Amino acid sequence: MSQRTSGLRRVLSSAAVYQGLQDLLGGRRFQHRLVAEFVRPPAGARLLDIGCGTAALLEHVPASVAYHGFDLSERYVAAARRRWGARGQFWQASVADAPRLTGGRFERATAIGVLHHLDDAEAVGLARLAAAALTDHGALVTYDPAVTAATSRAARFLIDRDRGQNVRTPAGYAALVGQAFDDVEVIEVARHLRIPYTGCVLIARQPRRDHTPSQPA
Ligand SMILES: C[S@@+](CC[C@H](N)C(=O)[O-])C[C@H]1O[C@@H](n2cnc3c(N)ncnc32)[C@H](O)[C@@H]1O
């Protein structure tokens, strides 16, 4: 995992501080948009949130949707359990050691702000994990900071200070996720936060079955 955790960034491993900063920057409003505009889980769907953090996304997920989230950080997962209790299922795991979720059990998977924390091999691993977990008509939705033609110097300054060390171009993210999905839609976003920032949403459909892990969950 490529994540900077020294100095001021260490403070962000506190769930309360991280969540407070997200709210301040407009991340909460953008998460609402992500769910309403891009994830769009059907009623009664099962949603797998990879790198769920404190499960802030769940605030925007309709009540009929069954939410399952996992994250590397024990502190974030503990905060998710405290906040949401039985509304979701939460467990601590890394993308690399997460149980193989075979069988197409989820209609949606999300990885919000996660790919830029992962090196290329780990990012492909995430995409394969999602592809194996999704139904044939399911979709993986990701969002990450990205360097695009719209990235100003101020945005670049802020992006360079992210805890994730693998910020890519939209094409860079798509090439990795495309190793596990036949159809990857790329949507560049700007002015979506209260600070200068650019990012990219991927909607990956048509999960490939050639990499489905053989070990059942
Ligand atoms: C920017 S935060 C986003 C959290 C959450 N998705 C959200 O939108 O609030 C990135 C998250 O990815 C998690 N993460 C980083 N590397 C991971 C890995 N290898 N496996 C699982 N989670 C990971 C971090 O612990 C962190 O919670």
Side-chain angles (χ1 to χ4, degrees), residues 1-6 8-39 41 47-61 67-84 88-101 108-130 133 140-146 158-168 173 176-177 189 192-193 195 197 199-202:
M1 185 203 32
S2 306
Q3 184 166 273
R4 283 177 287 212
T5 53
S6 58
L8 278 177
R9 295 180 187 94
R10 191 190 305 275
V11 177
L12 291 176
S13 55
S14 153
V17 172
Y18 175 75
Q19 198 50 56
L21 186 67
Q22 283 297 309
D23 292 352
L24 198 68
L25 300 182
R28 189 178 186 186
R29 188 183 53 183
F30 182 61
Q31 286 206 327
H32 183 82
R33 180 180 164 203
L34 277 172
V35 173
E37 197 174 327
F38 304 115
V39 182
L47 167 66
L48 175 65
D49 193 8
I50 300 170
C52 64
T54 58
L57 195 73
L58 189 44
E59 181 180 351
H60 313 288
V61 172
Y67 177 98
H68 301 248
F70 75 86
D71 196 279
L72 185 64
S73 161
E74 281 185 18
R75 291 171 81 172
Y76 286 176
V77 170
R81 288 201 182 110
R82 274 197 305 276
R83 178 174 180 192
W84 295 108
Q89 291 190 29
F90 314 96
W91 73 97
Q92 190 269 326
S94 74
V95 167
D97 68 16
R100 304 291 90 181
L101 298 160
R108 292 289 184 274
T110 48
I112 308 304
V114 183
L115 288 174
H116 74 288
H117 289 267
L118 307 182
D119 66 26
D120 286 1
E122 291 171 322
V124 172
L126 184 155
R128 288 181 178 160
L129 179 112
L140 164 69
V141 177
T142 71
Y143 163 77
D144 284 278
L158 294 172
I159 286 171
D160 284 346
R161 273 140 194 85
D162 194 284
R163 282 185 296 169
Q165 289 188 285
N166 293 290
V167 175
R168 303 172 173 96
Y173 289 117
L176 297 171
V177 171
V189 290
H192 55 302
L193 299 176
I195 52 173
Y197 220 68
C200 122
V201 175
L202 301 182

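Both ligands and their constituent atoms are indexed starting at 1 by order of listing. Not measured: the values here are computed from a predicted model.
Nearest to atom 6 (N) of ligand 1 by heavy atom, out of G27, G53, G51, is G51. With distances taken over non-hydrogen atoms, the option nearest atom 8 (O) of ligand 1 out of R75, Q31, H117 is Q31.
For the pair Y173/V167, a side-chain contact is recorded, criterion being any heavy-atom separation below 4.5 Å from C-beta on. Side-chain contact check for V177 versus L115: some heavy-atom pair is nearer than 4.5 Å.
Of all atoms in ligand 1, listed by their number and element, those nearer than 4.0 Å to a heavy atom of A93 are 21 (C). Set against the non-hydrogen atoms of C52, the atoms of ligand 1 under 4.0 Å away are 5 (C), 6 (N). Each of the following atoms of ligand 1 lies closer than 4.0 Å to a heavy atom of S94: 20 (N), 21 (C).
Listed by chain and number, the residues in a salt bridge (charged side-chain N to carboxylate O under 4.0 Å, His left out) with R33 are E37 (sequence neighbours excluded). Taking the salt bridge (charged side-chain N to carboxylate O under 4.0 Å, His left out) definition, one finds that R28 meets it with E59, sequence neighbours left out.
Inclusion of I112 in the set of residues having an N or O under 3.5 Å from an N or O of ligand 1 is warranted. The N/O atoms of D71, backbone and side chain alike, include one that comes under 3.5 Å of an N/O atom in ligand 1. Considering backbone and side-chain N/O of V95, one or more are found under 3.5 Å from N/O of ligand 1. Between L72 and ligand 1, a contact under 3.5 Å exists for at least one N or O pair.
Side chain of W84 to backbone of A55: a donor-acceptor contact under 3.5 angstrom is found.
Contacts with ligand 1 closer than 4.0 Å are made by side-chain heavy atoms of L118 only, the backbone lying farther away. Residue contacts with ligand 1 for A111 are absent, since no atom lies close enough (heavy atoms, distance under 4.0 Å).
Within the model, atoms CG of D71 and CG of D49 stand 8.5 Å from one another, a figure rounded to the nearest 0.5 Å.
Ring geometry for Y197 versus H192: interplanar angle of 30 to 60°, hence tilted.
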Y143/F38 under ring pair (Phe, Tyr, Trp, His ring centres under 6.0 Å): CA gap, chis, key distance, verdict: CA-CA 10 Å; Y143 163 77; F38 304 115; 9.3 Å; no

